[in-house]
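Structure, as C-alpha cells:
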Protein chains: 2
Amino acid sequence: MRATIRDVAREAGVSIATVSRVLRDSTAVRPTTRDRVLAAADELEFVPSALGRQLAERRHAANGIVFPDLSGPYYAEVVLGYESVAAELGRSVLILSTRDRPDAESAVQAMAERCDGLVVLGRTVPDAAVERLVVRGAHVVMVARPPVGGADSVNARNRQGARALTEHLLDLDVRRLVFVGDPSTSPDVAERLRGIQEALPADADLQLHHVDSLDEECGAHVVGDYLTRALPDAFVCANDELALGMLGRLSAAGVDLPGRVKVAGWDDVMAARYAGLTTVRQPMRELGATAARLLDELISGSRSHPTHELLPTQLVVRSTTLGKVAP
Amino acid sequence: MRATIRDVAREAGVSIATVSRVLRDSTAVRPTTRDRVLAAADELEFVPSALGRQLAERRHAANGIVFPDLSGPYYAEVVLGYESVAAELGRSVLILSTRDRPDAESAVQAMAERCDGLVVLGRTVPDAAVERLVVRGAHVVMVARPPVGGADSVNARNRQGARALTEHLLDLDVRRLVFVGDPSTSPDVAERLRGIQEALPADADLQLHHVDSLDEECGAHVVGDYLTRALPDAFVCANDELALGMLGRLSAAGVDLPGRVKVAGWDDVMAARYAGLTTVRQPMRELGATAARLLDELISGSRSHPTHELLPTQLVVRSTTLGKVAP
DNA sequence: CGACGGTTTGTAACCGGTTACACGAGCACC
DNA sequence: GGTGCTCGTGTAACCGGTTACAAACCGTCG
C-alpha cells in the first residue's frame, strides 16, 4: 500500500496538518521541521492522493470536452488546442465522443460530475441537455454552436467567410452552384449556407446537396451523382474532406478542373494546401484554446456574465477556383 | 449547495448507509424504505459525488492515454478506438498530449495519479519514465512501441507488412528505393525500415531519407530535394501523410507516376483511398480498442502476467505502384 | 413463551487529504 | 513579572461517499 499523509506525519514526528502545510507551502513552517517532513516524504516515496486532495478542495482540476467524432482533422485540431491550454492552466482533460453512442446525454451528465467544467462541440447533445447542465450549475462553453442558456460560446465567423467565398465565386461568373453538406446536423454548416444565400444575387441558382456524413467517401459519392447530369459552375462543400473526396473522384473521371467546374471547401486542413483546394480557413486550434480560456474564467469565477467569442475566418484562394466560368 | 447523501438520509428518515444501499443496489432493502429513499433523492435532485465515491472505492474509474500529437489521422483513430471501448467498460478517458511539452514526464506522472491505468503511445516519454510508472504500481499498456518493464503492449505487425510491401515492389522490378521517415523517433517506423531491409536482396539499393516530421509538408519538401537529382524507382514513406504530400508535389512537378517513380505509404488513412495510394493498412482503431481491453484486464486483476498483442497488417495495392519499372 | 434464524437497518470507521481554530512558546514592552 | 503579540504546530472537523459489524425487528418452531 502506498504511503499516506499520516504515514509521513508519523515518520517525521509531526501532525498531518504540518505535513500538508509543507507540501502545499501554504503557511510558515520552521525550516528544520520542513526538512524533517520533506525527508520523511522522500523516504516513504510519498505522492499525495489526487482523490483525497480533490475531495478536500472540492474541485476536480479537470475539464471535459464533448465532440461527435475524432475522425477528420477538424475536431482533432480543436481538441488539441483545448488540451494544450488546459494543460497550461493545470487542468487535466477528459474526453467524450458521442459517436455511435445512444446514451450520449447521460454520458455527458456523468462526465460533468467528474470535472469543473466542460466544452460541448457542434452537434453532440441536444440543447435541452446542455440547459440541464447549466441549470445544475455546471460551467459550459459551446464551440461551433450557438449559445444555449447562460453558456459561453466560441464560434468562427461563418457568415462572413461564406460571403467572402461567394463573392469570389461571383467574380468568376459562377451563377449555378451546389452546396454540399447537411445544414440540419451542424449549426456551423447551417450558418455557412445562410451566408452564401445572403451574398447571392437573385439571378444566381443555389442547390443544396445533402450528404450523410462529411467525409471523403461522401464527397466521392456526390460526384457520382453528377457525372450523368449537368455539372454546376461550382461546388461549395461544408468542409474540406468532402471537397477533397470530390476532387479525387472528379480528376479520376477526367473532369477539367477548375475549367469545367470549381470546387471549394471549408476549414483549410493541411491536405487542402497540397491539393490546391480553395477554402475558408477557420482557426481550429484557436477555437479549442479560446474555449479553454473562457472555461477557466468561468471556473475561477473571474467572470460571471456569459461571453460569446467570434474568431475570424479567411478566404484562401487556390487552384480549384481559378479562372472565369466558360460562357 | 448540492444535496449530499446525508441530506437524502435525513429527508427520507433513514441512515446514510441505507441511502447508499438503495443507490448501489447492493443488499436487500425493504421496498417501502427503498421508495422513501428514492423519493427523497428525487425531491432533492440528488446526484452522488463522483469524488466521494471514488475515494471510498479507491478507484478512479478513469483511464489515461498519452500521445505525441493529434494532428494527422493516426493518433486520432487510435484514441477514438480507445475511448470507445473505455466508455463501454464504464471508464472515463483522460488525454495528455506531449506535443511541445518540455515537462512531459512529470505530466504523465501527474496523470497516472488520476486514473487507474494508462496507455502510452509511440514516441512520447522515455522508457525510464514508463519503468518508474510500472514500479510505482501503475497499470500501463504500450502501443506502437516495444514493451517496457512489465507493461503490456499492442503493436501492428510492422515487419510482416514491410516485407509484403517490399516483395510487391521487387515484383515490379524496383531496385533502388528510398525510405522516407525517421526511424530514430518512432519504434514503429524503425520496425518498418528493418522489415524492408530484411526483405531486400543484396543487389537492391536502399537509401534512408530523414525528415523532421511525418506530415504532408515534409513529404512535399522531400520531393523538392529529388527534382534536381536522380529519382529512385520508389519511395516508401513512414506514413500516408508523407506519401500524400509527395504525391501532390510530384504531380505538380509533372513527374509521371507510377511510371517514373512509385510511391507507397503506411497506415491506410482515408485520404489514401482517394489518392490511389498504395499503402500498408494497420488497424488503427483496433490498436486503441485492444489497448483499452488489455488495460481493463490489468486493472480488474483478471490477468497479472504481461501480454503482448500483435495485430495484423495488410498490403493495399493501389495506383501509385502499378506497372513495372521501365528498364 | 423463549430461542433461533433471517432480514433490515443503523452506527461508526474508514478512504486521504485540507484547514479553522486553539494552544503553547518565545519575545518585546511597560 | 504580567500583558499582548507573533509564530509554529497540533487537534479535530470537515469534504461525500462505502461498508464491516452490530443491533433491532419479525416470524417460526419446539
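Residue numbers begin at 1 in each chain, while the letters A, B, ... track the order of the sequences. What you see below is based on every heavy atom in this structure, not just the backbone, and it leaves out hydrogens, waters and symmetry mates.
- Distances were taken from every side-chain heavy atom of T33(B) (C-beta onward) to each of dT9(C), dG16(C), dT18(D); the shortest belongs to dT9(C).
- Atom pair H60(B):NE2 and dC15(C):P shows a separation of 15 Å (rounding to whole Å applied).
- Atom CZ of R114(B) and atom P of dG17(C) are 14 Å apart (whole Å).
- At the phosphate of dG17(D), neither OP1 nor OP2 sits under 4.0 Å from any side-chain N or O atom of S20(B).
- On a pure distance criterion of 3.5 Å, a polar donor-acceptor pair joins the side chain of R21(A) and the base of dG10(D).
- Using a 4.0 Å cut-off between a side-chain N of Lys or Arg and a carboxylate O of Asp or Glu, E57(B) and R24(B) qualify as a salt bridge.
- In this structure, T18(A) reaches the dG10(D) phosphate: one of its side-chain N or O atoms is under 4.0 Å from OP1 or OP2.
- A donor-acceptor pair under 3.5 Å is formed between the side chain of N155(B) and the backbone N or O of R145(B).
- Listed nucleotides: dG10(C), dG16(D), dT11(D). Nearest to the side chain of A17(A): dT11(D).
- Closest contact between the side chain of V29(B) and the listed nucleotides dT18(D), dG16(C), dT9(C) involves dT9(C).
- Distances from the side chain of A56(B) to the nucleotides dA20(D), dG17(C), dT18(D) place dT18(D) closest.
- Contacts of L55(A) with the nucleic acid, taken as non-hydrogen atoms under 4.0 Å apart, include base atoms.
- Remark: side-chain polar atoms of S20(B) are not paired, donor with acceptor, to backbone N or O of I16(B) under 3.5 angstrom.
- Between the C1' atom of dG17(D) and the CD atom of Q54(A) lies a distance of 15 Å, rounded to the nearest Å.
- Looking only at distances, no side-chain donor or acceptor of H139(A) sits under 3.5 Å from a matching main-chain atom of D296(A).
- Between R293(A) and E88(A) there is no salt bridge, since none of the side-chain N atoms of the basic residue sits less than 4.0 Å from a carboxylate O of the acidic one.
- A straight line from CG of L51(B) to P of dT18(C) spans 14 Å, rounded to a whole angstrom.
- When distances are taken from the side chain of S15(A) to each of dG10(D), dT8(C), dG16(D), the shortest belongs to dG10(D).
- Of the two residues near DNA chain C, I16(B) and E57(B), the one whose nearest nucleotide lies more 5' is I16(B).
- Following rounding to the nearest Å, D7(A) (CG) and dG17(C) (C1') show an atom-to-atom distance of 13 Å.
- Taking atom CG of D35(A) as the reference point, atom P of dG8(D) lies 14 Å away to the nearest angstrom.
- Protein atom CG of L23(B) is 16 Å distant from nucleotide atom P of dG16(D), rounded to whole Å.
- The base of dG17(C) is paired with the side chain of R6(A) by a donor and an acceptor separated by under 3.5 Å.
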Can you check side chain to side chain donor-acceptor pair (under 3.5 Å) on S186(A) and D188(A), steps first, answer last? CA-CA 5 Å; S186(A) 159; D188(A) 249 15; 5.2 Å; no
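- Of the candidate nucleotides dT8(C), dG17(C), dG17(D), dT8(C) has the atom lying nearest to any side-chain atom of A28(B).
- Between dT18(D) and R24(B), a contact under 4.0 Å exists linking OP1 or OP2 to a side-chain N or O.
- Rounded to whole angstrom, the span from the CZ atom of R58(A) across to the C1' atom of dG17(D) amounts to 14 Å.
- Dashed line: the shortest gap from a side-chain N or O of R53(B) to OP1 or OP2 of dG16(D) is not under 4.0 Å.
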